[in-house]
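What follows is one structure encoded as structure tokens, with my remarks underneath.
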Amino acid sequence: GKTFEAQLIGTDLKIAVVVGRFNEFITSKLLDGALDGLKRHGVDENSIDVAWVPGAFEVPFIAKQLAETKKYDAIIGLGTVIRGSTTHYDYVCNESAKGIANVSLTTNVPVIFGIVTTENIEQAIERAGTKSGNKGYDSAISAIEMANLQKMIG
Ligand SMILES: O=c1[nH]c(NC[C@H](O)[C@H](O)[C@H](O)CO)c([N+](=O)[O-])c(=O)[nH]1
């Protein structure tokens, strides 16, 4: 039988990035990583739209609005939730994760979960371009793969 495995080439793809402003010190780095990953894999700068929302909780809502335009091959959700500074850490994380998965499934547009969820600021910094890489960059690669995979399966 067939094996579907997509290329990581982003030419001709249209991508939207939804990024939470909360913990902007981190999320701006995630966005930089995502844009870097998209462009260096061939996505045209003019084919990348970015929407800023207040925080991770709002990412799914705007991701859904963008998905319903049918203009994008994939959407990347970026944010940072740090338990140390959040009393309602679990709610924000759970609703953001559940919401993002739900948008994918209800709109048939791949939405990548690029929300950094950590115990403390140091761990968040590690995932935004230091020793654990950049989760925004990784999300960009996953977005390209999922968009191409969906096109392969048709
Ligand atoms: O993205 C985040 N939003 C956070 N809260 C805001 C939330 O995402 C909504 O923007 C807010 O509740 C208004 O709806 C966070 N904390 O509460 O700490 C957080 O750590 N990260």
Side-chain angles (χ1 to χ4, degrees), residues 6 8 10 13-41 43-150:
L8 302 183
L13 291 181
K14 189 122 180 62
I15 308 285
V17 186
V18 185
V19 48
R21 195 176 299 287
F22 204 105
N23 291 318
E24 187 271 342
F25 181 86
I26 304 290
T27 63
S28 60
K29 295 285 181 286
L30 297 177
L31 178 60
D32 291 346
L35 296 176
D36 182 47
L38 291 172
K39 290 174 194 167
R40 287 169 61 204
H41 286 81
V43 181
D44 187 304
E45 196 159 12
N46 300 320
S47 300
I48 306 171
D49 292 337
V50 177
W52 283 91
V53 294
F57 189 88
E58 283 78 26
V59 168
F61 178 76
I62 294 300
K64 182 157 186 162
Q65 307 308 307
L66 291 163
E68 288 176 343
T69 65
K70 298 276 172 251
K71 284 182 359 187
Y72 303 101
D73 299 302
I75 297 171
I76 299 166
L78 299 176
T80 299
V81 192
I82 300 169
R83 186 193 297 278
S85 54
T86 309
T87 49
H88 51 299
Y89 172 89
D90 295 315
Y91 301 113
V92 174
C93 293
N94 292 343
E95 291 312 308
S96 175
K98 222 170 55 198
I100 285 171
N102 181 267
V103 172
S104 264
L105 295 171
T106 54
T107 65
N108 277 329
V109 176
V111 185
I112 304 305
F113 183 68
I115 311 288
V116 167
T117 56
T118 58
E119 291 303 314
N120 57 55
I121 292 177
E122 290 72 25
Q123 287 174 347
I125 292 172
E126 284 174 9
R127 289 156 180 74
T130 61
K131 70 178 186 176
S132 302
N134 186 306
K135 186 146 181 150
Y137 183 94
D138 299 343
S139 299
I141 307 311
S142 298
I144 291 168
E145 181 166 5
M146 287 300 285
N148 288 336
L149 185 61
Q150 189 174 31

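In each ligand, atom 1 is the first atom listed, and ligand 1 is the first ligand listed. Since we're looking at a predicted model, the values are computed, not measured.
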Heavy atoms only, cut-off 4.0 Å: how does Ile82 contact ligand 1, side chain, backbone, both, or neither? backbone
Using a 4.0 Å heavy-atom cut-off, which part of Thr80 comes near ligand 1: side chain, backbone, both, or neither?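 Backbone only; the side chain of Thr80 stays clear of ligand 1.
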Under a 4.0 angstrom heavy-atom cut-off, which atoms of ligand 1 come close to [X]?
{"X": "His88", "value": "17 (O)"}
{"X": "Phe57", "value": "7 (C), 8 (O), 9 (C)"}
{"X": "Asn23", "value": "19 (C), 20 (O), 21 (N)"}

Would you check the N or O atoms of Phe22, main chain and side chain alike, for any that come under 3.5 Å of an N or O of ligand 1? no
Looking only at N/O atoms, are Ala56 and ligand 1 under 3.5 Å apart anywhere? yes
Could you tell me whether a side-chain N or O of [X] sits under 3.5 Å from a main-chain N or O of [Y], the two making a donor and an acceptor?
{"X": "Glu95", "Y": "Pro60", "answer": "no"}
{"X": "Asn134", "Y": "Tyr137", "answer": "yes"}
{"X": "Ser96", "Y": "Cys93", "answer": "no"}
{"X": "Thr69", "Y": "Gln65", "answer": "no"}

Does any pair with a residue in residues 125-137 pass salt bridge (charged side-chain N to carboxylate O under 4.0 Å, His left out), and if so which ones, sequence neighbours excluded? Glu126-Lys131
For the pair Asp90 and Arg83, find out whether any cationic side-chain nitrogen is under 4.0 Å from an anionic carboxylate oxygen.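 Yes.
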